[in-house]
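To start, the structure itself, in structure tokens.
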Amino acid sequence: GEIWADTLITHIKYSSEKIEEIFLKDTGIKPQRVVWTGSLKEICKLLNLPCTGLEYLSLLLFNLEINRPAGKSYQWC
């Protein structure tokens, strides 16, 4: 597969239940699988789907840098 980071999707060609092609400016990509990491409102707009009343929690991630050894020996707390 390919990872296209920092790239703007201009439009999506789709059928009733399948994304057929994704366009990044003038480049068309025919994906086998799509992993969407953008906002739900943006994908709804690109697929011409209504998003009014759509409720979800955005994911907020952050990292902390500490100046001493961590109190736990595993990564996730």
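No hydrogens, no waters, no symmetry mates; every other heavy atom, side chains included, goes into these values. Bear in mind that the values here come from a model prediction, so they are computed numbers and not experimental data.
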Atom pair CD1/OG1 of Ile22 and Thr7 - distance to nearest 0.5 Å: 11.0 Å
From Leu47 atom CG to Glu42 atom CD, the distance as rounded to the nearest 0.5 Å: 10.0 Å
Nearest non-hydrogen partners of Pro50 and Cys44, listed with the distance: O-SG, 4.2 Å
Side-chain (Tyr14) to main-chain (Glu21) donor-acceptor, under 3.5 angstrom: no
Matching residue for Ile43 among Val34, Ile9, Thr37, Ile12 - test: side chain to side chain contact (heavy atoms under 4.5 Å, CB included): Ile12
Gap separating the CG atom of Leu46 from the CZ atom of Phe23, nearest 0.5 angstrom: 12.0 Å
Interatomic distance, Lys18 atom NZ to Glu20 atom CD [nearest 0.5 angstrom]: 6.5 Å
Point-to-point distance, once rounded to the nearest 0.5 Å, from CG of Leu24 to NE2 of His11: 10.0 Å
Heavy-atom check, side chain of Ile19 versus side chain of Pro31, under 4.5 Å: yes
Straight-line distance of Asn63 CG to Ile66 CD1, nearest 0.5 Å: 12.0 Å
